[in-house]
Amino acid sequence: MSTGTLITVAPTGAEHAKSDVPNLPVTIEELVRTAKDCERVGAAMIHVHIRGADARPTLDLQRLKDTVAALREETSLVVQLSTGGAVTDPEEHRLRVLDAMPDSASCTMGTVNFGDDVFMNRWEFVVELHKRMRDRGIVPEYEIFDLGQLASLHRLLDQHGLPSGGHVHVDLVMGVPGGMPGDTETLVAALRMIPDGATFSATGIGRTSLPVMLASLSAGGHLRVGMEDTVSYARGERVRDNAQLVARAAGLAKIAQRPPMPADEVRTLLKVAQSN
Ligand code: KMH
Ligand code: ZN
């Protein structure tokens with residue numbers, strides 16, 4: 001297990017409305033400013049959902065390409081695009097995200113109830129994402145919303161082989177209403193099913209953010225934080241900005257004697273292609 005901690009920031013997501021969360025970064029300029037602030041305090045990777053001119057989620061290919069270019073220009077962060085999008089996005093739009101050629105992209109390992117909605121990830125779609133990422137040299141982050149999705153990850157790797165670079169990285173997304181709970185017991189149960197040699201990070205949605213962060217750190221895992229996952233910093237206190245969440249994660253990682261990893265170390269760890 002690596003000694004440092006990979007901190008990923010997920011600054012925007014597809015679920016919060018700008019009108020409800022005015023400090024949510026939605027323009028490319030806001031996203032780049034957030035990315036730079038977060039890198040300064042310890043983030044090494046950014047998980048990106050983009051918004052259109054109307055601040056609503058979009059998977060517009062040109063805007064995705066512009067966003068990747070801007071983040072590469074202004075930061076050293078590993079740029080991960082979401083292929084999850086919003087629950088309403090059709091599969092072909094989600095697959096097309098890969099044509100923006102990010103360093104990494106998310107690949108959710110199964111369908112899950114998602115609050116009052118359903119986040120659809122059919123088996124054939126997951127296989128297609130896995131193969132297209134490998135064809136393009138994009139490193140997947142396998143998103144796990146429920147324990148059975150780890151069994152699906154084993155099935156995927158057994159049937160279709162390792163991803164680009166040969167390293168498997170998993171992100172446990174815990175505490176979604178409809179998915180696995182965000183607590184230590186569930187994180188420990190998930191660890192037993194993570195493939196040999198894989199690394200993992202974890203994030204807890206809403207009020208599960210802190211317990212999941214502490215459990216992951218103590219178990220040798222990495223961290224994802226950000227306003228995609230929580231907009232409250234403490235009971236009764238709204239998040240000021242994404243950097244506030246990254247700074248707290250970095251502080252805890254240092255206390256745990258596993259300080260934040262710089263982006264170049266993360267590229268080596270995850271086997272991100274240098275040409276991207
Ligand atoms: N917005 C969710 C429906 C991902 O980025 O890959 C899916 C999600 C996962 O956020
Ligand atoms: Zn996401």
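When a ligand or atom number is given, it counts from 1 through the structure's own listing order. Just the heavy atoms: all of them, side chains too, but no hydrogens, waters or symmetry mates, feed the values below. Positions are given from 1 along the sequence.
- Side-chain contact of Ser104 with Gln80: a donor-acceptor pair under 3.5 Å is present, judged by distance alone.
- In this structure, His160 and Trp123 have tilted ring planes: the angle between them lies in the 30° to 60° band.
- Taking a cutoff of 4.0 Å between a charged side-chain nitrogen and a carboxylate oxygen, Glu92 and Arg96 do not qualify as a salt bridge.
- Counting only N and O atoms by type, the side chains of Thr186 and Asp183 include a donor and acceptor under 3.5 Å apart.
- For Asp116, the CG atom counts as loosely surrounded, since its 6.0 Å shell holds 12 or fewer non-hydrogen atoms of other residues, nucleotides or ligands.
- Contact check for Met109 versus Phe145: no side-chain heavy atoms found under the 4.5 Å cut-off.
- At a cut-off of 3.5 Å, with distance as the only test, no side-chain donor of Arg33 or Asn242 sits close to an acceptor on the other residue.
- For a heavy-atom separation below 4.0 Å, the residues in contact with ligand 1 are Glu15, His47, His49, Ser82, Gly84, Gly85, Val87, Ser106, Thr108, Phe114, Phe119, Glu228.
- The existence of a salt bridge linking Lys18 and Glu30 is confirmed by a sub-4.0 Å separation between a basic side-chain nitrogen and an acidic carboxylate oxygen.
- For the Zn ion (ligand 2), the nearby protein N/O/S atoms, meaning those under 2.8 Å, are His47 NE2, His49 NE2, Glu228 OE2.
- Using cut-offs of 30° and 60° for the angle between ring planes, the His167 and His169 rings count as parallel.
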